[in-house]
K.L.:
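Have a look at the structure that comes next, please.
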Amino acid sequence: VTRVLAAALLAVLSSLLLAACGSGSSDDASGPGGRTVDVRITDAGCEPATLELPAGPTTFSVENHGADAVTEFEVLDGDRILGEAENVASGLSGTFSLTLKPGSYTSYCPGGTTSERGTVRVTGGE
Amino acid sequence: MLPTFVIGLREGLEAALIVGIVAAFLRQQGRWEALRWVWAGVALAVGICATVGVALEIVSRELPSRQQEALETVVGLVAVAAVTFMIVWMKRHGRGLRRELEAGAASALARGSVIGLVGMAFFAVIREGFETAVFLLAAFDASSTPVLSGSGALIGIAVAVLIGWGIYRGGVHIDLARFFRVTGVVLVLVAAGLLSTAAHTAHEAGWINGLQGQALDLTWLVAPGTVRSALLTGMLGLQPKPTVIEALAYVAFAIPMLLYVLWPSSWRLAFRRRSTSSMAFEQAT
């Protein structure tokens, strides 16, 4: 039993390492053609609360502006998390990349007071 | 400084707790050679995580968050299995074990289980280590006060390690029979928290997308950004706003396991257990 468990763990671990090393070829949005969007975490939540973005590879550059209780920025499609930056404490920044398709998504900054959830509208298509 | 301290403490605790429990358990069994492997495994895991963290920083890549959450989920589930194994093992062997140990027949714990527990300590550190390494580098990279942010994160991790060490020492110092009785209840809560956290990370890994409504509001207890929330989330897996699936996982595990731990032995024992449990918990933390 322990061998099976160890094998399963090693499989997950190596897939993590592979993904870390080889993500450039597949879904890395920070390369040419990718867009960078600056967003902020504040005590209120996600800022701006409404984002209008063109479709395509996008890197979210998340910066925390003095929010102690909010440290996470997520983009969700319904209940499914598409991308997130975790542990972004006050003064810190983090990034995550994803390829956006046209549609309406939710931004989620758990713990925010007035804009814990925001809207991300993605238009156009390639 | 405090915000990064809180995150460092929480991330560090999630690993230090499991390592502390595993180490205390193995030492109670007199498995010194296994204990050495635990420390070696932890050191190796820290080394791997630091290397990967620095390498990601150098090539300015992000940690692939979905795979990271998948890893946390799998290791979390294995940790639930390992802790459950310890609970059941203690329950079965608790009474006769002291005599067995004193008679030198301590090898009650199968060799495979020992290897499994040593591996568990290694993977517990790997599980939180990547994220923590990336976070630590980000803290030293902070826009306004990098030194303060960075040292806050470092001190948080250091305090977590101290608490893990305290669990190990505390687990070692209470006598064996009491160790088994008292830790049963605490371990059930820890494992239930691990399972609930696995439901959380499984959602972030994209594996569970249903039952994400908010089940209850614990923000009064687990106030985000506070040291108390870091302790409660890091050690007992409590989220400020647990989702339905997280709450279900917690309750579905905790209730039957608590019944199992508290039920079959006589009520006299159960009473004594209750009166000693608070004491030992203070010792343990």
Side-chain angles (χ1 to χ4, degrees), chain A residues 1-6 8-24 26-30 43 59-60 63-72 74 76-98 108 110-112 116, chain B residues 2-7 10-11 52 55-56 59-71 73-75 78 81 112-113 115-116 119-120 123 126 130-132 134-135 138-139 141-146 148-149 152-153 203-206 209-213 219 223-226 240-241:
Chain A
V1 179
T2 40
R3 288 224 181 110
V4 177
L5 286 179
L9 284 168
L10 280 176
V12 175
L13 188 60
S14 46
S15 76
L16 176 80
L17 289 174
L18 278 178
C21 303
S23 64
S26 54
D27 55 352
D28 189 349
S30 57
D43 284 321
T59 297
F60 287 83
E63 216 182 310
N64 185 327
H65 282 229
D68 284 346
V70 194
T71 55
E72 201 167 321
E74 300 176 359
L76 295 109
D77 180 6
D79 274 337
R80 210 166 71 86
I81 295 180
L82 298 179
E84 58 170 348
E86 279 186 320
N87 289 345
V88 187
S90 178
L92 271 58
S93 48
T95 58
F96 64 96
S97 306
L98 50 102
Y108 181 42
E116 184 174 47
Chain B
L2 185 68
T4 50
F5 171 81
V6 166
I7 294 177
R10 167 165 51 74
E11 295 286 343
V52 170
L56 283 172
V59 298
S60 64
R61 279 273 161 72
E62 300 148 13
L63 188 67
S65 77
R66 190 159 284 194
Q67 284 83 354
Q68 162 67 28
E69 302 295 347
L71 174 83
T73 307
V74 174
V75 178
V78 176
S113 311
I115 297 173
M120 188 66 250
F123 280 109
I126 286 280
F130 291 125
E131 225 174 26
T132 308
V134 168
F135 163 68
D141 221 26
S143 50
S144 45
T145 53
L148 215 57
S149 301
H203 171 57
E204 294 184 320
N209 296 308
L211 301 173
Q212 293 301 320
T219 43
T226 61
K241 291 180 180 175

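These numbers were taken from a predicted model, which means no experiment stands behind them. Basis for what follows: all heavy atoms, side chains included, without hydrogens, waters or symmetry-related copies. Here is the naming used below: chain letters follow the sequence lines, and residue numbers restart at 1 for every chain.
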K.L.:
Take A:Leu92 and B:Thr4, measure what side-chain contact (heavy atoms from CB on, under 4.5 Å) needs, and give me the verdict at the end.
P.N.:
CA-CA 9 Å; A:Leu92 271 58; B:Thr4 50; 3.9 Å; yes
K.L.:
When rounded to the nearest 0.5 angstrom, what distance separates OG1 in A:Thr95 from CG in B:Leu63?
P.N.:
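So the gap between those two atoms works out to 10.5 Å.
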K.L.:
Say whether, by atom type as modelled, one donor and one acceptor occur between the side chain of B:Arg66 and the main chain of A:Ile81 under 3.5 angstrom.
P.N.:
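Judged by distance alone, yes, a pair lies under 3.5 Å.
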K.L.:
Under the salt bridge (charged side-chain N to carboxylate O under 4.0 Å, His left out) rule, collect the residues that match up with B:Glu204, sequence neighbours excluded.
P.N.:
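Checked B:Glu204 against salt bridge (charged side-chain N to carboxylate O under 4.0 Å, His left out); zero matches.
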K.L.:
Out of A:Glu63, A:Glu74, A:Arg80, which one racks up the most heavy-atom pairs below 4.5 Å with chain B?
P.N.:
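Top count of heavy-atom pairs under 4.5 Å with chain B: A:Arg80.
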K.L.:
Nearest 0.5 Å, please: how far is CG in B:Leu2 from OG in A:Ser90?
P.N.:
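Spacing of OG (A:Ser90) from CG (B:Leu2) equals 10.5 Å.
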K.L.:
Indicate the atoms forming the closest heavy-atom contact of A:Leu76 with B:His203, along with that distance.
P.N.:
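Distance-wise, the nearest heavy atoms are CD2-NE2, 4.2 Å.
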K.L.:
Testing the 3.5 Å rule here: is there a donor-acceptor pair between the side chains of B:Glu62 and A:Ser97?
P.N.:
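Yes, because at least one side-chain N or O of B:Glu62 sits under 3.5 Å from a partner of the opposite role on A:Ser97.
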K.L.:
If every non-hydrogen atom of A:Ala89 is compared with every non-hydrogen atom of B:Pro3, which pair is closest and at what distance?
P.N.:
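Heavy atoms of A:Ala89 and B:Pro3 come nearest at CB-CB, 3.9 Å.
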K.L.:
Go through the atoms of A:Thr71 and report whether side chain, backbone, both or neither lie under 4.5 Å from a heavy atom of chain B.
P.N.:
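For A:Thr71, the side chain is the part near chain B, not the backbone.
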K.L.:
Taking atom types as modelled and ignoring hydrogens, do the side chains of A:Asn87 and B:Glu11 form a donor-acceptor contact shorter than 3.5 angstrom?
P.N.:
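Side chains of A:Asn87 and B:Glu11: pair found under 3.5 Å.
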K.L.:
Looking at chain A, which one of B:Ala138, B:Gly206, B:Ser65 has the largest number of heavy-atom pairs inside 4.5 Å, strictly under?
P.N.:
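Heavy-atom pairs under 4.5 Å are most numerous for B:Ala138.
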K.L.:
Starting at CD of B:Gln68, measure out to CD of A:Glu86 and round the result to the nearest 0.5 Å.
P.N.:
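Answer for the CD-CD pair, B:Gln68 versus A:Glu86, is 8.0 Å.
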